[in-house]
K.L.:
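Below: one structure in structure tokens.
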Amino acid sequence: MTTNAELQARRTAAVPRGIGHATQIYAKRAKNAEIWDEEGKRYVDFAAGIAVVNTGHQHPRIVEAVKKQLEDFSHVCFQVTPHENYVALAERLNGLAPVAGPAKTMLASTGAEAVENAVKVARCFTGRPGIISFSGGFHGRTHMGMALTGKAVPYKKGFGPFPADIYNVAFPNLYHGTSTAESLKALKALFKYQADPSTIAGIIIEPVQGEGGFNIAPTEFLIALRALCDEHGIVLIADEIQTGFARTGKLFALEHSGVKADVVTLAKGLAGGFPLSAIVGRADIMDASGPGGLGGTYAGNPIACAAAHTVLDIIEDENLTARANTIGEIILGRCRELAARSNLNCIGDVRGLGAMCAAEFVKDRTNGEPSPELTGEVLKAANARGLILLSCGTYGNVIRFLPPLTASDEIVKEGMDIFEASLTEAVGRLQ
Ligand SMILES: Cc1ncc(COP(=O)(O)O)c(C=O)c1O
């Protein structure tokens, strides 16, 4: 048997340290909401490969669809001999995504690539250079993704210079002291002091910030952004890469607000674990670029497209939007119960939309000082007890709960039992 420790030693020697790890658990096998490591130990999976396998590990229908496509062909390149399953997926996404007007879709491979292309089409359509993003936002690890990302360490430090004409504004986050009115004021100040709105091509926002700490954009803010974009001819880009595909209790998080974007970026849950991303946007914006300006060798890989069609079928057939809400109620209910305990005033905030749920840890609720130390201890204790959890947040003090939406109530409750025991253990250890 190969041990996790042996593999970690090999990994340290062979792979750069810049790739971080949430755990040192080496996966051998996974099924729905469970993972088994190389040592044969079982884990409840509350990470879902960072909100990717919303349909569970190895969903039999996805495995079947992928096998079938593999028998036909695995790669021909859409730019050489196009294939039907790309076109059909574009047609489906055009009908589903919250886009203001008739839509067109291009496919790519990663989330960062989707963001890059959203910026490309916004600039090409408007003929303007500027892009506005928000503090705490995360948009990927390419140069444009880093420039847009609103967290310096570890994502940006040492990697500059970044592309020009990117502006960052405070995200409305009342828990951390910024109201919607203050964010809007900051945007208007930016228009006055730094860049006239006529030079801004796009505003990119996550309807619920993922890496930033599961901060939910207030509906009135999204409505105000829509109005500002309409007033100044700016392209509103919704980055739904982490929020997409039933995670928040609707197919897309923007649907909770009723606001429509001009361009939506999708990845992660789109293809249930196969590398696929999509840029869905208003047809006039998506058509701004001339032929050859968009694309990529692997973009819209046929196997990933086959998986994505099946993901959409499963979401509908298994009613996964409703499951997201049920799972979210279990998780948030349990977190709120724990937060009410007098010995657990380290839980500063509990929040969530559907099954995109988080708890924020502080030294003491009265001062609200972030506690990344406690967060780290909880994660370690959870791993030892058989639960895979992820942290996030600007201060690294948020635990996010992301089980597959196909997880049973029993397994979600089992995960929450392990979380409670891990939290109690971690609090005791730090006292
Ligand atoms: C909101 C958001 N945008 C973009 C990305 C980048 O996606 P990828 O890692 O597939 O490049 C992520 C990844 O976590 C994300 O959460």
Side-chain angles (χ1 to χ4, degrees), residues 18-22 47-54 97-98 106-120 122 131-151 154-156 159 162-163 166 168 171 173 202-217 222 236-248 252-254 261 263-281 296 298-301 304 307-308 311 353-358 390-394 396 398 400-402:
I19 300 168
H21 294 293
I50 321 187
V52 169
V53 287
N54 292 350
M106 67 165 280
L107 301 176
S109 304
T110 68
E113 211 185 344
V115 168
E116 292 280 341
N117 280 285
V119 170
K120 278 172 70 172
I131 303 286
I132 298 172
S133 63
F134 293 93
S135 61
F138 181 82
H139 300 287
R141 287 182 170 86
T142 55
H143 268 81
M144 178 55 72
M146 287 191 289
L148 296 170
T149 288
K151 182 174 176 180
Y155 302 125
K156 301 167 89 148
F159 298 125
F162 302 112
I166 307 298
N168 200 265
F171 186 85
N173 182 347
I203 298 180
I204 184 164
I205 185 163
E206 294 162 87
V208 182
Q209 288 190 327
E211 306 303 303
F214 285 21
N215 309 306
I216 303 166
L222 295 171
L236 181 60
I237 305 168
D239 184 341
E240 291 251 18
I241 286 168
Q242 194 153 156
T243 49
F245 295 95
R247 173 57 55 187
T248 67
F252 303 108
L254 208 54
V263 174
V264 180
T265 54
L266 306 170
K268 289 191 183 280
L270 167 61
F274 290 83
L276 188 71
S277 61
I279 305 93
V280 189
Y298 296 108
N301 172 270
V311 164
L353 200 56
M356 192 164 177
C357 305
L390 293 174
S391 64
C392 61
T394 301
V398 179
R400 47 180 156 172
F401 303 89
L402 288 167

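Each ligand, and each atom within it, is numbered from 1 in the order the structure gives.
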K.L.:
Side-chain contact, heavy-atom cut-off 4.5 Å: Leu266 with Val264?
P.N.:
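A side-chain contact under 4.5 Å exists here.
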K.L.:
Gln242 and Glu211: side-chain donor and acceptor closer than 3.5 Å?
P.N.:
yes
K.L.:
For atom 3 (N) of ligand 1, what is the closest protein heavy atom, and at what distance to 0.1 Å?
P.N.:
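It is Asp239 OD2, 2.8 Å.
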K.L.:
Mark yes or no for whether His139, through its side chain, and Ser133, through its backbone, hold a donor-acceptor pair below 3.5 Å.
P.N.:
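No, the answer is negative, given that no donor and acceptor are paired below the 3.5 Å cut-off.
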K.L.:
Does a donor on one side chain and an acceptor on the other come within less than 3.5 Å for Thr142 and Glu116?
P.N.:
yes
K.L.:
Check each heavy atom of Glu211 against ligand 1 and say whether those closer than 4.0 Å belong to the side chain, the backbone, both or neither.
P.N.:
side chain
K.L.:
Which residue supplies the protein heavy atom nearest to atom 7 (O) of ligand 1, what is that atom called, and how far is it?
P.N.:
Gly111 CA, 3.3 Å
K.L.:
Please state which protein non-hydrogen atom is closest to atom 2 (C) of ligand 1 and give its distance, to 0.1 Å?
P.N.:
Phe138 O, 3.3 Å
K.L.:
Consider ligand 1: state whether an atom of it lies below 4.0 angstrom from any non-hydrogen atom of Gly140.
P.N.:
yes
K.L.:
Tell me whether His139 has any N or O atom under 3.5 angstrom from an N or O of ligand 1.
P.N.:
no
K.L.:
Between Ser135 and Asn168, is the side-chain hydrogen bond (donor to acceptor under 3.5 Å, both in side chains) condition met? List the steps.
P.N.:
CA-CA 6 Å; Ser135 61; Asn168 200 265; 4.8 Å; no
K.L.:
Yes or no: does Ile50 have any heavy atom under 4.0 Å from an atom of ligand 1?
P.N.:
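The answer is no: ligand 1 sits nowhere under 4.0 Å from a heavy atom of Ile50.
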K.L.:
Using a strict 4.0 Å cut-off to heavy atoms of Glu206, name the atoms of ligand 1 that fall inside it.
P.N.:
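Near Glu206, the atoms of ligand 1 are 1 (C).
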K.L.:
Give the atom numbers and elements of ligand 1 that come within less than 4.0 Å of a heavy atom of Ala112.
P.N.:
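Checking each atom against Ala112, I get 6 (C), 7 (O), 8 (P), 11 (O).
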K.L.:
Heavy-atom pairs closer than 4.0 Å: do any link ligand 1 to the side chain of Lys268, the backbone, both, or neither?
P.N.:
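The side chain, only.
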K.L.:
Tell me, do Leu353 and Arg247 make a side-chain contact under 4.5 Å, heavy atoms counted?
P.N.:
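Not in contact.
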K.L.:
Any side-chain heavy atom of Arg400 sitting closer than 4.5 Å to one from Met356?
P.N.:
no
K.L.:
Atom 16 (O) of ligand 1: which protein heavy atom is closest, and how many Å away?
P.N.:
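The closest heavy atom on the protein side is Gln242 NE2, 2.9 Å.
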K.L.:
Look up atom 9 (O) of ligand 1 and tell me if a protein heavy atom lies less than 4.0 Å from it?
P.N.:
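Under the 4.0 Å cut-off, atom 9 (O) of ligand 1 has no protein heavy-atom neighbours at all.
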K.L.:
Can you find a non-hydrogen atom of Arg141 under 4.0 Å from ligand 1?
P.N.:
no
K.L.:
Do the ring planes of Phe252 and Phe245 sit parallel (below 30°), tilted (30 to 60°) or perpendicular (above 60°)?
P.N.:
perpendicular
K.L.:
Looking at Ala358 and Gly213, what are the two nearest heavy atoms and their distance?
P.N.:
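Of all heavy-atom pairs spanning Ala358 and Gly213, the closest is CB-O, 4.4 Å.
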